[in-house]
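What follows is one structure encoded as structure tokens, with my remarks underneath.
The sequence lines fix the lettering, A, B, ..., with proteins before strands; numbering per chain opens at 1. Computed from a predicted model, the values in this text were never measured in an experiment.
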Protein chains: 2
Amino acid sequence: MPRPDRTEERRDELLPVVAEAFARLGYRRATTATLAARCGVRENVLYRLWPDKKAMFLASIRHVYDRAERIWEERAALGPEGSTASRLLEYESRHLGEFGLYRILFTGLSETEDPEIRAHLRDTYRKFQRWIKRRIEAHDRLRGGRPGPEAELIAWAMVGLGTVANVGREIDLFPARVRARLIADAGRLLLEGGAP
Amino acid sequence: MPRPDRTEERRDELLPVVAEAFARLGYRRATTATLAARCGVRENVLYRLWPDKKAMFLASIRHVYDRAERIWEERAALGPEGSTASRLLEYESRHLGEFGLYRILFTGLSETEDPEIRAHLRDTYRKFQRWIKRRIEAHDRLRGGRPGPEAELIAWAMVGLGTVANVGREIDLFPARVRARLIADAGRLLLEGGAP
DNA sequence: GAGTTATGTAAGTATATACTTACATTATAC
DNA sequence: GTATAATGTAAGTATATACTTACATAACTC
């Protein structure tokens with residue numbers, strides 16, 4: 001009898017490394033050679049786990065999103081539901097984008113001509129926004145109706161806020177202090193709709 | 001005597017085409033071959049106008065930003081100073097990112113390991129934010145103090161709003177109607193600080 | 001231990017891509 | 001018209017990159 005197939009486990013081991021490389025380098029610059037090197041294996045090992053580079057990238061996006069969401073869920077569970085939204089804002093203002101979610105979504109945006117990548121990005125952005133939206137709605141239910149645009153739009157604006165904050169960190173647009181206030185203050189304005 | 005040097009004029013003729021290609025395809029996918037083809041010339045003609053591909057890209061960023069700013073200035077000049085900010089919001093909600101500014105900045109973000117590109121992106125984002133900030137301040141002066149975060153932060157949040165709106169258009173995250181409301185409603189909330 | 005298949009190693013291939021070179025052609029000043 | 005340098009054409013080069021193939025080795029079941 002042959003030795004057992006550990007393909008599944010091997011994928012789970014290597015995917016975080018691959019995802020990190022994609023997030024750091026971007027889709028194009030993360031060559032299969034560098035991916036393999038970072039994993040400490042040869043290229044063909046990766047090709048036994050995924051059919052091609054694109055599949056590695058799509059799996060990476062999924063992985064990074066799932067991990068980020070898991071962390072948020074954990075943070076959310078730490079306090080009462082109604083304050084989840086503001087606590088996450090506070091949390092994000094400190095640990096901004098440390099899961100590489102923004103980064104990997106960004107690099108994907110240069111590949112939007114590929115329909116599969118495009119569809120995958122769309123799904124992920126939508127999941128992201130829906131997650132935020134649900135927290136805003138919970139916040140509204142407990143705090144009373146929020147004046148101003150509905151949660152749908154505010155959630156998208158929050159995605160934008162996180163995005164610019166991450167770009168800012170990426171290329172040193174502003175000091176960390178400004179970044180934290182950006183998330184916290186502008187975020188609160190969006191969340192509370194200008195109410196005191 | 002030799003024929004006169006038209007290098008300068010040639011650059012001005014080809015730069016819009018090159019910039020468009022970079023904005024559409026991204027830095028990596030815009031190969032020198034495609035750039036030349038779109039310009040209707042051979043590659044070496046481009047290399048006589050710019051030392052390398054990176055220089056073409058940097059010039060393109062400059063070009064796209066300058067053109068976008070010129071358009072905004074024209075729109076701004078159409079009405080009283082204090083309402084410039086809201087009029088531009090309204091304008092942007094309609095003609096969103098038609099100058100490719102967001103697009104070309106985005107593609108550049110995958111190349112931030114190159115110090116020159118990084119510095120150039122930083123400069124451009126800052127110019128962009130400062131321009132918006134000045135309009136917000138003018139708006140504040142005429143409408144009376146705005147409650148909430150200072151113009152500095154709001155201007156960055158606006159950049160984020162524009163960014164997410166453009167990403168949304170790029171990969172069909174939401175229908176055009178939602179996009180317009182996103183810019184208009186969330187934009188107004190940021191601008192007015194929740195005041196009626 | 002033998003048979004079987006997963007796993008690792010090393011090298012190879014076809015293509016794409018940034019950039020160059022050699023040379024013919026053209027437009028201008030005199 | 002002619003000298004001169006700019007401009008256009010065509011091909012070439014060195015390298016990088018996604019993906020493959022051939023083969024040795026290791027681990028598991030019986």
Side-chain angles (χ1 to χ4, degrees), chain A residues 1-15 17-19 21-61 104 107-108 110-111 113-117 120, chain B residues 1-15 17-19 21-61 104 107-108 110-111 113-117 120:
Chain A
M1 284 286 127
R3 57 196 283 192
D5 193 336
R6 285 206 348 122
T7 304
E8 205 67 27
E9 294 89 322
R10 205 79 179 96
R11 257 198 285 265
D12 292 346
E13 281 168 34
L14 297 188
L15 188 51
V17 184
V18 169
F22 275 126
R24 280 227 182 292
L25 303 172
Y27 183 71
R28 297 274 156 168
R29 284 179 49 234
T31 65
T32 53
T34 47
L35 291 176
R38 284 178 176 235
C39 289
V41 299
R42 304 275 163 173
E43 293 182 58
N44 66 333
V45 173
L46 296 183
Y47 281 95
R48 283 206 273 252
L49 300 175
W50 293 280
D52 52 23
K53 183 179 167 180
K54 192 163 79 177
M56 303 175 203
F57 185 57
L58 298 182
S60 294
I61 294 178
I104 204 166
T107 82
S110 293
E111 308 300 323
E113 229 149 85
D114 181 295
E116 262 185 283
I117 294 183
H120 211 85
Chain B
M1 284 288 127
R3 56 197 282 189
D5 192 336
R6 285 206 348 121
T7 303
E8 204 68 28
E9 294 88 321
R10 205 81 177 94
R11 256 198 286 264
D12 293 345
E13 281 169 34
L14 297 188
L15 188 51
V17 184
V18 169
F22 275 125
R24 280 229 183 290
L25 304 173
Y27 183 70
R28 297 273 156 170
R29 284 179 50 234
T31 66
T32 53
T34 47
L35 290 176
R38 284 179 178 235
C39 288
V41 299
R42 304 275 164 172
E43 292 183 57
N44 66 333
V45 172
L46 295 183
Y47 280 96
R48 283 206 273 253
L49 299 175
W50 294 281
D52 51 25
K53 184 180 167 180
K54 192 162 80 177
M56 303 176 203
F57 185 58
L58 299 182
S60 294
I61 294 179
I104 204 166
T107 82
S110 293
E111 307 300 323
E113 229 149 84
D114 181 294
E116 262 185 284
I117 294 183
H120 211 85

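Closest to the side chain of B:Asn44, out of D:dT17, C:dT21, C:dA18, is C:dT21. The side chain of A:Arg48 sits closest to C:dT7 out of C:dT7, D:dT9, C:dA18. Out of C:dC19, D:dA10, D:dT20, the shortest distance to the side chain of B:Tyr47 is found at C:dC19. When distances run from any side-chain atom of A:Thr32 to the nucleotides C:dA18, D:dT9, D:dC19, the shortest one goes to D:dC19. Here the side chain of B:Thr7 is nearest to one of D:dT7, D:dT9, C:dC19, namely D:dT7.
To the nearest 0.5 Å, the span separating OG1 on A:Thr34 from CD on A:Glu43 amounts to 8.5 Å. Atoms CZ and CG, from B:Arg10 and B:Leu46 in turn, are 9.0 Å apart once rounded to the nearest 0.5 Å.
Judged by closest nucleotide on DNA chain D, B:Arg6 is the one of A:Lys54 and B:Arg6 placed further toward the 5' end. Between A:Pro51 and A:Arg29, the one whose closest nucleotide on DNA chain D sits nearer the 5' end is A:Arg29. Annotation: of the two residues near DNA chain C, A:Val41 and A:Arg28, the 5′-most nearest-nucleotide partner is A:Val41.
Distance B:Asp52 CG to C:dC19 P: 5 Å, rounded to the nearest Å. Straight-line distance from the NZ atom of B:Lys53 to the P atom of C:dC19: 8 Å, rounded to whole Å. Atom CZ in B:Arg10 sits roughly 8 Å away from atom P in D:dT7 (whole-Å rounding). Distance, B:Arg11 CZ to D:dT7 P: 10 Å, rounded to whole Å.
Other residues, nucleotides and ligands contribute more than 12 heavy atoms inside 6.0 Å of the CZ atom of A:Arg11.
Contact annotation: A:Arg42 reaches the phosphate of C:dA10 (side-chain N/O to OP1 or OP2, under 4.0 Å).
Exactly one residue among A:Leu35, A:Leu15, A:Leu49 makes a side-chain contact (heavy atoms from CB on, under 4.5 Å) with A:Met56. That residue is A:Leu35.
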